[in-house]
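One structure is given below, encoded as C-alpha cells.
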Amino acid sequence: MKKLTYWLMGLVMVSQACSSKKKADLLVRNAVVYTADSAFTTAQAFAIADGKFVAVGPAETILNNYTADSVADLGGQPVYPGFYDPHAHFLNLGQTLDQADLVGAESYDEVLARLKAYAQKHADALWLTGRGWDQNDWPDKRFPTKAKLDAAFPNLPVALMRVDGHALLVNSKALRLAHITAGSSIEGGEVILESGQPTGVLVDNAMSLVKRVIPQPDEKDKERMLLAAQKHCLALGLTTVSDAGLNQKDIELIEKLQKEGRLKIRDYAMISLGEPNLNYYLKRGPYQTDRLTVRAFKLYADGALGSRGACLRQPYADRPETGGFLLLNPAELKRVLTLLANSSFQANTHCIGDSANHLILDLYGGLLKGPNNRRWRIEHAQVVSPDDFWKFNRYSVIPSVQPTHATSDMYWAADRLGPVRVKGAYAFKDLLKQNGYIAFGSDFPVEAANPLYGFHAAVARVDAKGFPAGGFQMENAVDRPTALKAMTRWAAYANYEDHLRGSIEPGKQADFVVLQQDIMKVPAPQLRTAKVTQTWIAGERVF
Ligand SMILES: [Zn+2]
C-alpha cells in the first residue's frame with residue numbers, strides 16, 4: 001500500500017511537472033543558433049508555436065519549460081535566420097530557368113554550342129532566348145556581333161540577354177521582326193552600329209524594341225516559372241526573396257499562388273514604375289499579407305557599368321566620348337519621387353553611376369529633408385562620389401547592394417572608372433558606416449541566387465577561384481557578423497519586415513536555415529560550398 005502511495009505521488013508529481021511545461025509545436029535542440037538579434041547572441045535551442053519562435057535560449061531553459069510532439073536534434077549543426085535576398089528578380093529567375101543558360105560561357109563559340117543543344121531540346125520554340133553571356137569572359141572582349149548567330153540560326157529569331165540584363169544580342173531575323181534598322185533610335189538606349197549597320201547589340205531601352213515582339217509567357221507559363229524559382233531558392237536557404245520591379249498582374253499571381261499554399265516562399269514585391277501601376281497602387285496604398293509585402297516602387301535612374309549605360313559625372317576612362325546616360329530625365333524622376341513622398345510607399349531607385357547616385361541622393365534629400373523612417377533605398381549604390389556618402393546618413397537612405405557584383409566586375413571596373421573613381425565603387429564598408437546598416441542581395445538572375453556567394457564576396461572579396469590574392473579593395477570588406485546581419489535582420493529592415501522576421505527571437509516568424517558547415521567559422525574558401533541541409537518557413541520544413 002505504501003509502495004502504491006509513493007508510486008501514485010510520483011505520478012502526480014510527474015504530471016504536474018508536465019502540465020507546468022508550455023506546449024509548443026516544435027522544439028529544436030543541440031544546435032548552434034546564430035540568432036542575429038541586436039547583440040548577435042548565440043543559443044542552443046528554441047521552441048516554435050503557431051509558426052513563430054516562442055522561446056530561444058540555452059538547452060535546459062527551453063527543454064525544461066517547453067514540450068512538443070516534434071523535437072529536432074540537429075547534432076550540433078549551425079542555424080541562422082532564414083536568408084533574405086532584398087534585391088532580386090524572382091519571376092525573372094523562373095524565366096531564366098526556362099531559357100538557354102549562357103552564364104560562364106568562355107567564348108562566343110561556347111555560347112553557340114549551348115544554344116544549339118538548347119534548340120534541339122526545344123524544337124517547337126518560336127524564338128530562341130537565352131541569358132547570361134559576358135564578353136568580358138571571352139578571349140575577344142569587344143561586344144559580339146550577330147554574324148555568328150546568323151550563320152547558326154538564319155531562320156529562327158534569337159535574343160540573348162547579357163549577364164547584367166542591360167544589353168541584348170540578337171540575330172538578323174530578330175532585327176527584321178522588330179523592324180530595327182540603322183535609323184532606329186530610342187531615348188535611354190542605343191542600337192549599336194558598325195559601318196552604319198546594326199551589329200545586333202541593343203543596349204538598355206533599345207532592348208524593348210525586340211522584347212515587345214517576343215511572345216510573352218502566359219499565366220500558366222508564369223506559374224511554372226515561379227514554382228521552379230521557388231524550388232531553386234529554398235534549396236539555397238532563401239526564405240524571403242524580392243522582385244525588384246513587377247506589374248500588378250504578376251504581383252497578383254504571386255499572391256494567388258501563396259494563398260493556395262503552392263508558393264511558400266515570402267516575396268517582397270517592388271512595383272514597376274508606370275502610370276497604370278502608379279494610379280492603381282497610390283490609390284490602394286501599401287499592403288502586407290502573411291507572405292507578401294507590397295510597399296515599394298522600383299525606379300531606374302541609369303543602366304549598368306559593364307555596358308557603359310551607368311551615368312557617370314565624368315566620362316568613362318575607357319571611352320572618353322561617353323559618360324553613360326539616365327533612363328529617366330531628372331524632372332520625371334522628381335515628379336514620381338514627389339508622388340511617392342506624399343504617399344507611404346518606399347522609393348527604391350536603381351543607381352549605378354556616381355552621377356545617378358548624386359542626383360537621386362539630392363532628390364531624396366529635397367523630399368525627405370533630414371533623418372526619417374521612410375526607409376527609402378538606393379539599389380546598387382555602386383559608384384558613389386566621396387562627397388556624397390554622408391547623404392545616406394543625413395536622409396536615412398538604405399544602401400541595398402550586391403557583393404557578388406564587386407567580384408564579377410572587379411576585372412574591368414577600374415578600366416571603366418580609372419584608378420581614383422574605382423575607390424568609391426563597391427564601397428560596402430564606407431556605406432555601412434553611414435547609418436550602421438546595409439542590405440546585401442544578389443540581383444539574381446544577374447548573379448547566381450546562392451546567398452553564400454554574396455557572403456563570401458562580402459568578407460573575402462575574391463572570386464570563386466580566390467582571385468585576386470589578398471582580395472579586391474579590402475578596405476571595404478566586412479566581417480562575418482556584419483555580412484550575416486546584412487542578409488537577415490538589416491535586409492528585413494530594408495523591407496519594413498524587421499518587426500516580423502530577420503532574426504531568431506521570440507515573437508518573430510519561424511523562418512530559419514540549417515547548414516552543414518558553420519559560415520561564421522569555416523575558412524573563407526569553403527564559404528561558397530557550405531551546404532544548406534534544411535530550410536524552414538513559419539515553422540514548416542520546406543526543404
Ligand atoms: Zn536588379
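Just follow the structure's listing: the first ligand is 1, and inside any ligand the first atom is 1.
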### Query
Under 4.0 Å between a Lys/Arg side-chain N and an Asp/Glu carboxylate O for Glu255 and Lys259?
yes

#### Entry: N-O pairing of Asp250 and Lys222 below 4.0 Å
yes

### Task
Answer yes or no as to whether an N/O/S atom of His87 is found below 2.8 Å from the Zn ion (ligand 1).
yes

### Query
For the residue pair Ile352 and Ala310, what are the closest heavy atoms and their distance?
CG2-CB, 3.6 Å

### Arg335/Glu275 salt bridge by N-O under 4.0 Å criterion
yes

### Query
When you measure from the Zn ion (ligand 1) to each N, O or S atom of Asp443, which atom gives the shortest distance?
OD1

### Task
May I ask you to check whether His350 brings an N, O or S atom to under 2.8 Å from the Zn ion (ligand 1)?
no

### Task
Report yes or no: does Glu379 have an N/O/S atom closer than 2.8 Å to the Zn ion (ligand 1)?
no

